[in-house]
Amino acid sequence: MKFAFHVSPNEQQKHASTQQIMRDLTIALGVVFLCSLAYYAISYGVNYALQEIILLAASLVTTFVCEAIFAKVKKIDIKEFITHSFGWVTTLILVMMCPVNISVYAVIIATVFAIVIGRLVFGGFGNNIYNPAAVGRAVIFASFSGAVTNLTTSATPTGVLASSFRWMPGSAEALESFLDTTGGWFGLAMGTYPGAIGETFSIAIILVGIFLIVRNVIDWRMPAVYLGTIFIITFFIAIFSGIQPYGVIPGWLWYPMLHLLTGGVIFGAFFMLTDPVTIPTVPAGRVFFAACAAVITVLIRMKGNLPEGCLYSILIMNTFTPMIEQALDAPQFEQKKKAIIMSACALVLGLGVAFYASSTIRPVKGARNVGEETAMVITQTEQEDLA
């Protein structure tokens, strides 16, 4: 067991109980889910909202069945175990990481992997080493990416940006042709476009994220460092690549904002990256964790075969959590020195990714006719909205 200590004088801090934390987290996720329900029902019809409810219900039932079986095998009171396992939080995150047109059976199988492989085999809540929802979503992408319904045939903006622009629209014309698929900057910022359920209403995600920070449910360092590092790396990519202005907005400003507002990095920053079980306990370690996750996210986006990188960046960094903890397991002065060195290494790594991406990818300067692409059935690559 690790003990957190501070040199005097100390100020007494309020710490919420696990029950309170999970209650607030459930409320926050519920608000985002309801916003998504409203958007799809109003914009596309009641069938879309009904599909979301069916996906969530199927995942919840699967979660409770898996936990009940586990409790029965371990000879633990089933009701007590389920109420203190908080599996519904993993369920909510997993469902909102999926596109609305994913098949029910794919979500059920992903839930089994998230709950059983991601949590229960390690002993249940608080013992897992990987983010369980991310484990379940990775299973969908690896094995069930083609398991979709015929509800929607629109390509996601993330897929269009990755396939048509290689994440680098370099001119006002290219950016404008992309923004036409999202309803402009306003639609992109609001998240009012088809994609992963958790991408909808980015403003709502940020607001409930601030609520969770104020309530001491999540550590503010994680989303701040993660999103800030993505901004800084893409800022240098824009400078190195000569990204052109968009009206009066310089390229080094709109290009980082494009990375932050497209895809699932905002949802991932507030609801996935902040999982207290799978991230370092030391604040300096959390900063390093978030910075490295941001570097990997940008690297996957720019040079990987996936349109997104949030999911796999978190899973990769979960693997290094014990190593980060061990590296920073030292007296405070020595820990501070190590933290500075590790942060400097992350900064150098991020600049290296920026230089590598800008020197190997040519910006798309001309407009792209993405109207036909957005009328196509979502392909395997395009479905990976929060990978």
Point to revise | Partners passing side chain to side chain contact (heavy atoms under 4.5 Å, CB included) against Pro363 (at least two apart in sequence or in another chain) | key: Met168, Ser241, Ile243, Lys365
Check your understanding: If you round to the nearest 0.5 Å, how far is OG1 of Thr281 from CZ of Arg286?
Key -> 7.0 Å
Review point. If we only count heavy atoms from C-beta on, is the Phe211 to Val217 side-chain gap below 4.5 Å?
Key: no
Practice item. Give, for atom CD1 of Ile109 and atom OH of Tyr105, the distance between the pair rounded to the nearest 0.5 Å. Key: 7.0 Å
Point to revise | Heavy-atom side-chain proximity of Ile296 to Tyr312 below 4.5 angstrom | key: no
Point to revise | Tyr40: ring-ring contact (aromatic ring centres under 6.0 Å, His included) partners, not counting sequence neighbours | key: Tyr44
Practice item. Identify, with sequence neighbours excluded, every residue that meets side chain to side chain contact (heavy atoms under 4.5 Å, CB included) alongside Ala172. Key: Tyr246
Review point. Same hydrophobic cluster for Ile324 and Met272, using side-chain heavy-atom links shorter than 4.5 Å among ILVMFWY?
Key: yes
Review point. Does the pair Arg215 and Arg23 meet the rule for a side chain to side chain contact (heavy atoms under 4.5 Å, CB included), with working shown?
Key: CA-CA 11 Å; Arg215 296 280 295 175; Arg23 179 199 62 197; 2.9 Å; yes
Review point. Run the side chain to side chain contact (heavy atoms under 4.5 Å, CB included) check on Tyr48 and Leu37 step by step: do they pass?
Key: CA-CA 8 Å; Tyr48 286 78; Leu37 278 180; over 6 Å; no
Show me, pair by pair, the donor-acceptor contacts under 3.5 angstrom made by side chains of residues 259-267, not counting sequence neighbours?
{"unit_1": "His259", "atom_1": "ND1", "unit_2": "Arg301", "atom_2": "NH1", "d": "3.2"}
{"unit_1": "His259", "atom_1": "NE2", "unit_2": "Tyr255", "atom_2": "OH", "d": "3.0"}
{"unit_1": "Thr262", "atom_1": "OG1", "unit_2": "Leu258", "atom_2": "O", "d": "2.8"}

Check your understanding: Is the number of heavy atoms from other residues, nucleotides or ligands within 6.0 Å of CZ (Phe320) greater than 12?
Key -> no
Exercise for review: Under 4.5 Å between side-chain heavy atoms, chaining through other members, with only Ile, Leu, Val, Met, Phe, Trp and Tyr counted: pull out the rest of the cluster around Val287, sorted by chain and number.
Suggested key: Val225
Exercise for review: Check whether any side-chain heavy atom of Leu328 sits under 4.5 Å from a side-chain heavy atom of Phe288, and report yes or no.
Suggested key: no
**Study point:** Student check: side-chain heavy atoms of Tyr356 and Met302 closer than 4.5 Å
**Key:** no
**Study point:** Ser343 side chain vs Ile340 backbone, donor-acceptor pair below 3.5 Å
**Key:** no
Point to revise | Shared hydrophobic cluster for Ile53 and Val46 (ILVMFWY, side-chain gaps under 4.5 Å) | key: no
**Study point:** Phe235 side, atom CZ; Ile237 side, atom CD1 - distance, nearest 0.5 Å
**Key:** 12.0 Å
Study note, to complete from the structure: Minimal heavy-atom distance between Met317 and Phe289, with the atoms involved, is O-CE1, 3.2 Å
**Study point:** Check: Thr111/Thr63 side-chain N/O donor and acceptor closer than 3.5 Å
**Key:** no
Review point. With sequence neighbours left out, what residues match Ile54 under side chain to side chain contact (heavy atoms under 4.5 Å, CB included)?
Key: Leu50, Val104
Point to revise | Intermediate values then yes/no, side chain to side chain contact (heavy atoms under 4.5 Å, CB included), Ile213 and Phe270 | key: CA-CA 9 Å; Ile213 291 173; Phe270 286 104; 4.2 Å; yes
Revision key, fill the gap. Those residues at least two apart in sequence (or on a different chain) that pass ring-ring contact (aromatic ring centres under 6.0 Å, His included) with Phe201 are none
Point to revise | Evaluation steps, side chain to side chain contact (heavy atoms under 4.5 Å, CB included), between Val208 and Phe271 | key: CA-CA 10 Å; Val208 298; Phe271 290 111; 3.8 Å; yes
Practice item. To the nearest 0.5 angstrom, please state how far the OG atom of Ser59 sits from the CD1 atom of Ile115. Key: 7.0 Å
Check your understanding: Looking at Phe81, is Lys74 sitting on its ring face, NZ or CZ under 6.0 Å from the six-membered ring centre and within 45 degrees of the normal?
Key -> no
**Study point:** Thr26-Trp88 side chain donor-acceptor pair, cut-off 3.5 Å
**Key:** yes
Check your understanding: If every non-hydrogen atom of Leu315 is compared with every non-hydrogen atom of Tyr130, which pair is closest and at what distance?
Key -> O-CE2, 3.5 Å
Practice item. State, with a plain yes or no, whether a side-chain heavy atom of Asp24 is found less than 4.5 Å away from one of Leu212. Key: yes
Practice item. State, with a plain yes or no, whether a side-chain heavy atom of Trp185 is found less than 4.5 Å away from one of Leu175. Key: yes
Review point. Is it true that Leu351 and Val348 fall in one hydrophobic cluster, defined by side-chain heavy atoms closer than 4.5 Å?
Key: no
Point to revise | By ring-ring contact (aromatic ring centres under 6.0 Å, His included) - contacts of Trp254 (at least two apart) | key: none
Review point. Are Leu29 and Ile203 linked, directly or through other ILVMFWY residues, by side chains that come within less than 4.5 angstrom of each other?
Key: yes
Point to revise | Over all atoms of both residues, closest heavy-atom pair of Pro169 and Ala174 | key: CB-CB, 3.9 Å
Point to revise | Heavy-atom check, side chain of Cys98 versus side chain of Leu55, under 4.5 Å | key: no
Check your understanding: What pair of heavy atoms forms the shortest contact from Arg119 to Gly87, and how long is it?
Key -> NH1-CA, 3.2 Å
Check your understanding: Can you name the nearest heavy-atom pair linking Lys338 to Ala330, along with the distance?
Key -> NZ-CB, 4.3 Å
Practice item. With sequence neighbours excluded, tell me which residues meet salt bridge (Lys or Arg N to Asp or Glu O under 4.0 Å) with Glu173. Key: none
**Study point:** With Val277 via side chain to side chain contact (heavy atoms under 4.5 Å, CB included) - residues at least two apart
**Key:** Asn128, Asp275
Study note, to complete from the structure: Closest non-hydrogen contact found for Leu273 with Ala290 is CD2-CB, 4.0 Å
Point to revise | Donor-acceptor pair between Ser313 and Thr297 side chains, under 3.5 angstrom | key: yes
Practice item. For a side chain to side chain contact (heavy atoms under 4.5 Å, CB included) with Arg137, tell me which candidate from Leu94, Ile93, Val107 qualifies. Key: Leu94
Review point. Do Ile249 and Leu161 belong together in a cluster built from hydrophobic side chains that touch within less than 4.5 Å?
Key: yes
Exercise for review: Identify, with sequence neighbours excluded, every residue that meets salt bridge (Lys or Arg N to Asp or Glu O under 4.0 Å) alongside Arg221.
Suggested key: Asp219
Exercise for review: Please examine the side chains of Met96 and Glu199, heavy atoms only from C-beta on, and report whether any two atoms are closer than 4.5 Å.
Suggested key: no
N/O donor-acceptor pairs under 3.5 Å from side chains in residues 65-73, not counting sequence neighbours:
{"unit_1": "Glu67", "atom_1": "OE2", "unit_2": "Ser85", "atom_2": "OG", "d": "2.8"}

Review point. What distance separates Leu347 CG from Met342 CE, expressed to the nearest 0.5 Å?
Key: 14.0 Å
**Study point:** Straight-line distance of Leu92 CG to Leu60 CG, nearest 0.5 Å
**Key:** 6.5 Å
